[in-house]
Amino acid sequence: MSFRGRGRGRDRVRQAKPVPFELFPEIEGLGKTENSSANIQLIKLSSNLQKYWNSSPFFYEDRSELVEKVQKIDIERYSERNPQSTEAKPPLWHFIKLDTDHVPAELASRGEKNEKHVVKRVRWSPESDSKKMDLFEKLDQMYQGQERMEKKENENEEEDDVENEDDEGEFSDEGDYEHPQYVDDDEDDYNMADDQHELKYY
Amino acid sequence: MVTPHGIQLAAYLISSSYGDLCSKVCECLLRRGTLTLAHVIRYTELTRENVINCLRVLIHQNCVQAFAIQQEGAYGVAPRIVTQYMPLFDNIIHKLRAPKFMQIVSEELGNDCLEIFQALIQHGRLSINQIIDRNKQTADSSNVDVVRESFNKLLNSRFVERCPAPEPFLPPPSEDEPTTKKRGAKSKIAEVPKTTEQLALSAAAPMESMRFLMEMDDHSEERIEESSNSTTPGVKRKRDDLTSEEDMLDVNEKKEVLWRVNFEEFVRRLRHKACISYVKSRINDEAGIVLSAVLELNKFSETRQKAENSGYLSINAIYDEVIKKDGGLGMDFERVRLSLEQLGCQTIENGIDESYSIDLKGIIEMAQNEEVESVIMKRYGREAYRIFRLLSKTGRVLETDKISDTAFVEKNDTLKILFKLWKDNYLHMEKVGVGKLTFLMWRINKEPLSVHVLDEMYHAVLNLRLRITHEQDQGKEILSFPREKLVGELGKKYKLLGKVRVILESSLMNLDEAIMLFHDF
């Protein structure tokens, strides 16, 4: 194929200019943003809902794919405790009744192992996630001023302590996240902000 | 019939809430229609276990309905019963508006009910025991009575209903004909036979009498005894129901009733809200008050989802209700009558009583027309707007010259505009040849136009959602910083992120109102 390369040989075919791909091209004639009305309550509700669904067992992922999915965006650390975060989701049958009264016959679970399980504690709210501040909660707190922020941090730290006792083997490094003084002993400055995400889910 | 962008939007909503696998299954069902499990496995090329779990999640979240149907066997083989799955497109799109529903509940019933309602939205279906259990964990209060009371409030306002049957059996058509005719007589469009999917939905739905009825569980039987002293007819009926239920079922296997959000009720409320606000902006405030009074009176007698007319109400009843509303106190009979006439209603005068019925469908259609006209104005300009209005007011075909004369537009411009509109599917064109001349006749077809506009709106919503996620992804780095470090440059960027998100999401909610106008109202 003599069309490859830039004009090598005697081909007169014009090479296609690589046009940068615009994901969201500009549109003329859109109105100004001042015209739109803001409805903060709706937005908060919607983002809470999304947060819940992303971390719930309803967000179904293939069991075999889960193991491969543990890729982190940053460099893997020695100190990272991965396996627990992937097993943090309770299984589906905690929430969905899989008997024939509630689900079509061919989807119902026939194994007795599920029925024998007495669900000691169904985790209704992903408590570890509720402490992750969403954009709005952060914004809210920024606007509410310093004293409120400090008060909330103190409360959160207390709740974190209580929850860290309660939860069975659940890993949460909220203590670091909430603590105003970021104690960073070992790593270099470039990676300072990396410790605060276990489950990225925006 | 679902539009192409509608399918894309639905698939995107499922994938952002329940993962890619569920979205694949859902998209397969939406594109190919009702399928059996084997077909779904084949078309999606996923493993059996994955498909089964995805279907479980989708059914639990009210996005898919299963039903059993008798399939004719091949020659010599006995007919067998297969389970088919149908997607519920409306319910999937309702996920977009869940925050609006939650807002309605919180405004009307308060925070306790909102807590329960939020659980139902998150989980799709819950039994009362699960609700109580969850409340213990999240709200830290183990007050069962409060939970039950809030749940009953939700039931009474009809925000919550019983879940449909998981797998109703549809008997083969030959036996079913007399019953469909009976059902047909109740609805206005009695001639259109119901499709399999519609039959499945009506077979699955709980009986109207049971739909909002809650029976007491075992451990609250003492409460029935206690309240038996103050027997109201409702309680007595419940006890009878309870005993008859026990007769039907084995005492050991008590079916646990699951409850879910009653979308119909919310759509109805939003519809009323939209009608009232349209009337307020179009006519005046008083007409809005009168309309809201009429709709309030009509609330529990509205049986069909898209009621075209309100029921006939006497002027006295309307007047009583109007006085109760804010701003309605100063109105007297004459002004009420005047507003009713402005609203455009049918009246029956039989002797003393005058009864009025308001044409809701007309109001909705007017609102839809206004919406489309404003889009045309924005996109194609004022002259196109005039031409479009002309065509929509006269219901019939018009020829190019006639249009250009009546709308006071130059002939060439008229032609250009008409072709542009036709290319974008807003108009219908016919060529008529008379001798040597050919005339172009133009017309608006309301139905295809609505479908087209709806499709464009779904496309817009999809784009908005994608943009929101995109902006959030761009800002991921900034969001990962702890609060204290967000000062100066970073702080500005952070605030900008917040602003952008607020604007995009608000536009989404506003656009959603327009979608409901065309699809659900």
Side-chain angles (χ1 to χ4, degrees), chain A residues 23-24 29 33 36-50 52-54 56-64 73 92 95-98 100-107 109 121-125 127 133 135-136 138-139 141-142 149 177-178 180 182 193-194 196-197 200 202, chain B residues 16-19 21-22 37 47 50 52-57 59-61 66 68 83 98-100 102-103 118-119 121-125 127 130 133-134 137-138 163 166-167 255-256 258 378 467 470 472-473 476 479-486 495 497-498 501-503 505-507 509-510:
Chain A
L23 209 52
F24 294 105
T33 54
S36 62
S37 55
N39 200 333
I40 301 281
Q41 190 199 18
L42 282 182
I43 299 176
K44 266 201 202 156
L45 286 171
S46 127
S47 85
N48 283 341
L49 203 56
Q50 207 57 44
Y52 174 77
W53 272 332
N54 282 348
S56 77
F58 296 121
F59 197 92
Y60 183 69
E61 288 156 338
D62 194 357
R63 212 66 68 74
S64 51
I73 312 168
L92 259 185
F95 298 102
I96 306 182
K97 293 183 193 293
L98 293 174
T100 43
D101 282 337
H102 301 111
V103 149
E106 56 186 9
L107 299 182
S109 136
R121 181 187 142 157
V122 178
R123 247 197 326 130
W124 288 105
S125 69
E127 279 126 355
M133 296 290 179
L135 172 61
F136 279 104
K138 281 191 195 174
L139 261 179
Q141 278 154 20
M142 254 173 83
M149 261 162 52
Y177 186 66
E178 295 302 321
Y182 183 80
D194 289 343
Q196 284 113 29
H197 47 231
K200 277 267 195 219
Y202 297 104
Chain B
S16 67
S17 314
Y18 307 128
L21 294 175
C22 289
L37 180 62
T47 66
N50 279 338
I52 287 187
N53 278 330
C54 288
L55 281 173
R56 283 173 177 165
V57 169
I59 291 182
H60 191 78
Q61 294 281 347
T83 311
K100 285 193 186 168
M102 293 203 266
Q103 198 180 37
Q118 192 170 36
I121 295 240
Q122 285 173 350
H123 289 267
R125 302 179 173 194
S127 73
Q130 285 178 312
D133 190 30
R134 177 184 186 272
Q137 277 184 32
T138 54
C163 286
E167 198 181 358
K255 244 211 284 198
E256 212 167 348
L258 290 180
K378 201 86 206 288
R467 183 78 192 246
H470 174 77
Q472 281 205 288
D473 277 343
K476 228 192 244 200
L479 286 174
S480 63
F481 281 114
R483 272 194 309 276
E484 296 76 24
K485 295 206 171 177
L486 293 168
K495 283 197 190 145
L497 259 187
R501 173 129 183 231
V502 166
I503 291 175
E505 296 254 14
S506 312
S507 326
M509 289 293 153
N510 289 339

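Convention: sequence-line order gives letters A, B, ...; per-chain numbering from 1.
- Closest heavy-atom contact between A/Tyr60 and B/Cys22: CB-SG, 4.0 Å.
- Taking all atoms of both residues into account, the shortest heavy-atom contact from A/Leu45 to B/Gln103 is CD1-N, 4.2 Å.
- Looking at A/Ile96, the atoms closer than 4.5 Å to chain B (heavy atoms on both sides) sit in the backbone and in the side chain alike.
- Per-residue heavy-atom pair counts under 4.5 Å with chain A were compared for B/Met102, B/Arg125, B/Arg467, B/Lys100, and the maximum is reached by B/Arg467.
- For the residue pair A/Glu106 and B/Ile52, the shortest heavy atom distance occurs at O-CD1, 4.3 Å.
- For B/Ile59, the part lying near chain A is the side chain, with the backbone staying farther off; criterion is any non-hydrogen pair under 4.5 Å.
- Under a 3.5 Å cut-off, the side chain of A/Trp53 and the backbone N or O of B/Gln122 do form a donor-acceptor pair.
- The aromatic rings of A/Phe58 and B/His123 stand perpendicular to each other, their planes meeting at an angle above 60°, with 30° marking the opposite boundary.
- Nearest approach of B/Ala66 to A/Pro104, heavy atoms of both residues: CB-CG, 3.4 Å.
- For A/Ser46 against B/Glu505, the heavy-atom pair with the smallest separation is OG-OE1, 3.7 Å.
- With rounding to the nearest 0.5 Å, the separation of OG in A/Ser56 from CD in B/Gln61 is 7.5 Å.
- Across B/Glu167 and A/Ala105, no two heavy atoms sit closer than the pair OE1-N, 2.9 Å.
- Proximity to chain A (any heavy atom under 4.5 Å) is shown, for B/Ser16, by both the backbone and the side chain.
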